[in-house]
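Single-structure report; data block below.
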There are 2 protein chains.
Amino acid sequence: MENARKRLESKGIRPTYQRMAVLSFLLGNRTHPSVEDIYEELLRDIPTISKTTVYNTLQMLSGNGLVSHLNIFDSQSRYDGFTEPHHHFLCESCGKLIDLMIKCPNAKIGCVMGHKINEVHGYFKGICKDCLKKERRR
Amino acid sequence: MENARKRLESKGIRPTYQRMAVLSFLLGNRTHPSVEDIYEELLRDIPTISKTTVYNTLQMLSGNGLVSHLNIFDSQSRYDGFTEPHHHFLCESCGKLIDLMIKCPNAKIGCVMGHKINEVHGYFKGICKDCLKKERRR
DNA sequence: ATGACTGCAAAATATTTGCATATTC
DNA sequence: GAATATGCAAATATTTTGCAGTCAT
């Protein structure tokens, strides 16, 4: 929670308990949770928290670059507290969303084709290593 | 329409008028339309077409690789009839979604970190060339 | 005639908004 | 006490589903 508080303060955001809880959960969690996931989890500690607050907070956090908003699933947002440049891999067989520690070479200079880059989003869909192994065993 | 028919047949999909119309629109259109956009446009030619059919068709077409499904906007799908590998750029100032004719170097060999790649999704958000110019003029 | 396709209406899901209450400085 | 944050309920938007009617072979 202290880490979360510091990060919020560094952006001039008032570190309310709810905001710290949301950010803290994302910082300690590399599962790329949905809003529902985050809400369910926080309910255990803060029985009065509302989904509206979770939505508000996530919007504010991603607007400030403290978390990333992932549009990988067709109609559900996911959030990522790990904001170092990286890509994702969605396995179409087991559904796992895997972090890939690779960067986009095209974004190195902060712009592409004359356009200024603020965010880089890269993800792949396919069959993950583990599912490939399972397939071969058959 | 003939081009669309051929592509449908090549995938073993029955080329109904509705399906040809959806695919044909996407092939002749590089605007990355939403379902609503496509529906509105097709209504002019096919006053009885339903949004359900548009949804069904788009799902089938993207499942067969005839069009791409873009998850760039937060809660609205966009579709792209241009399926050569390329990336996109979303301008946060003017809202334009621009095609970038660049490929993902990480995907060259068809897999990343041992995972088999079926789809590559790369997009950037930022300020486009034109909006940067306008900013400078001030 | 059979199976596939279409389209309407209703349902499900995700997200946003309006507003009253509560909290913080 | 003024400004900000929270939380409930209602509204909106998008997508999916169930099903009856239609079309094509």
Side-chain angles (χ1 to χ4, degrees), chain A residues 1 4-5 7-9 11-25 32-64 66-80 95 97, chain B residues 1 4-5 8-9 11-25 32-64 66-79 95 97:
Chain A
M1 286 290 256
R5 178 197 298 274
R7 291 183 190 219
L8 289 169
E9 283 173 347
K11 295 283 181 179
I13 301 169
R14 194 188 288 178
T16 66
Y17 193 73
Q18 287 88 338
R19 288 171 180 174
M20 288 193 293
V22 170
L23 181 52
S24 187
F25 177 68
H32 315 97
S34 65
V35 175
E36 182 69 26
D37 294 336
I38 298 169
Y39 172 69
E40 297 286 346
E41 182 60 31
L42 297 197
L43 265 185
R44 301 152 128 259
D45 276 346
I46 317 172
T48 59
I49 200 170
S50 75
K51 217 177 267 188
T52 302
T53 297
V54 178
Y55 272 104
N56 286 343
T57 301
L58 289 169
Q59 195 170 322
M60 154 173 284
L61 294 177
S62 64
N64 278 282
L66 290 171
V67 308
S68 322
H69 180 177
L70 308 182
N71 276 328
I72 296 177
F73 290 86
D74 285 355
S75 51
Q76 191 190 52
S77 292
R78 298 297 191 101
Y79 288 88
D80 194 345
L97 188 55
Chain B
M1 285 290 257
R5 178 198 297 274
L8 289 168
E9 283 172 346
K11 295 283 181 177
I13 301 168
R14 192 188 289 175
T16 66
Y17 193 73
Q18 287 87 340
R19 288 169 181 175
M20 288 193 292
V22 170
L23 180 52
S24 186
F25 177 67
H32 316 95
S34 66
V35 175
E36 182 69 27
D37 294 336
I38 298 169
Y39 173 69
E40 297 286 345
E41 182 60 31
L42 297 197
L43 266 185
R44 301 153 128 260
D45 275 346
I46 317 172
T48 60
I49 201 169
S50 75
K51 219 177 263 188
T52 302
T53 297
V54 178
Y55 273 104
N56 287 343
T57 302
L58 289 169
Q59 194 169 322
M60 152 172 287
L61 294 177
S62 64
N64 278 283
L66 290 173
V67 308
S68 323
H69 180 175
L70 308 182
N71 276 328
I72 296 176
F73 289 86
D74 285 355
S75 50
Q76 191 191 51
S77 292
R78 298 297 190 101
Y79 288 88
L97 188 55

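Chain naming here is simple, since letters A, B, ... match the order of the sequence lines and numbering starts at 1 in each.
Q18(B) comes within contact range of the sugar-phosphate backbone alone, with a heavy-atom separation under 4.0 Å but no base atom that close. If you check every strand for non-hydrogen atoms under 4.0 Å, T48(A) touches sugar and phosphate atoms only. Residue-level contact check: S34(B) touches neither bases nor backbone, having no heavy atom under 4.0 Å from any strand. If you check every strand for non-hydrogen atoms under 4.0 Å, T52(A) touches a base.
No side-chain heavy atom of N71(A) sits under 4.5 Å from any side-chain heavy atom of I72(B).
Residue I46(B) is the one, among D74(B) and I46(B), whose nearest nucleotide of DNA chain C lies closer to the 5' end (criterion: closest heavy atom). A residue-by-residue look at N56(B) and R14(B) shows that N56(B) has its nearest nucleotide of DNA chain D further toward the 5' end.
Each salt bridge (charged side-chain N to carboxylate O under 4.0 Å, His left out) pair with one or both residues in residues 54-64 of chain A, not counting sequence neighbours, would appear here, but there are none.
For the pair Q59(B) CD and dG7(C) C1', the computed distance is 16 Å after rounding to whole Å. Atom-to-atom, NE2 of H69(A) to C1' of dT15(C) comes out at 10 Å; the value is rounded to the nearest Å. Across the protein-nucleic acid pair, Y55(B) atom OH and dA11(C) atom C1' stand 14 Å apart, rounded to whole Å. Taking atom CZ of residue R78(A) and atom P of nucleotide dT15(C), one finds them 10 Å apart after rounding to whole Å. Rounded to a whole Å, the CE atom of M60(B) is 11 Å from the P atom of dA4(C). Atom NZ in K51(B) sits roughly 13 Å away from atom C1' in dC8(C) (whole-Å rounding). Taking atom CZ of residue R19(A) and atom P of nucleotide dT24(C), one finds them 12 Å apart after rounding to whole Å. Atoms OH (Y39(A)) and P (dT16(C)) sit 17 Å apart, rounded to a whole Å.
Note: H69(B) and Y79(B) meet the aromatic proximity criterion, with ring centroids under 6.0 Å apart.
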Q. How far apart are the C-alpha atoms of L23(B) and R19(B), what are their side-chain angles, what is the distance that settles it, and do they pass the side chain to side chain contact (heavy atoms under 4.5 Å, CB included) test?
A. CA-CA 6 Å; L23(B) 180 52; R19(B) 288 169 181 175; over 6 Å; no

(Q) Evaluate L8(A) against L61(A) for side chain to side chain contact (heavy atoms under 4.5 Å, CB included), listing each step before the verdict. (A) CA-CA 8 Å; L8(A) 289 169; L61(A) 294 177; 3.6 Å; yes

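Along DNA chain D, the stretch of nucleotides lying under 4.0 Å from any heavy atom of chain B spans, 5' to 3', dT14(D) to dT17(D).
Checked against salt bridge (Lys or Arg N to Asp or Glu O under 4.0 Å), E36(A) has the following partners two or more places apart in sequence or in another chain: K51(A).
A donor-acceptor contact closer than 3.5 angstrom is absent between the side chains of N56(B) and T53(B).
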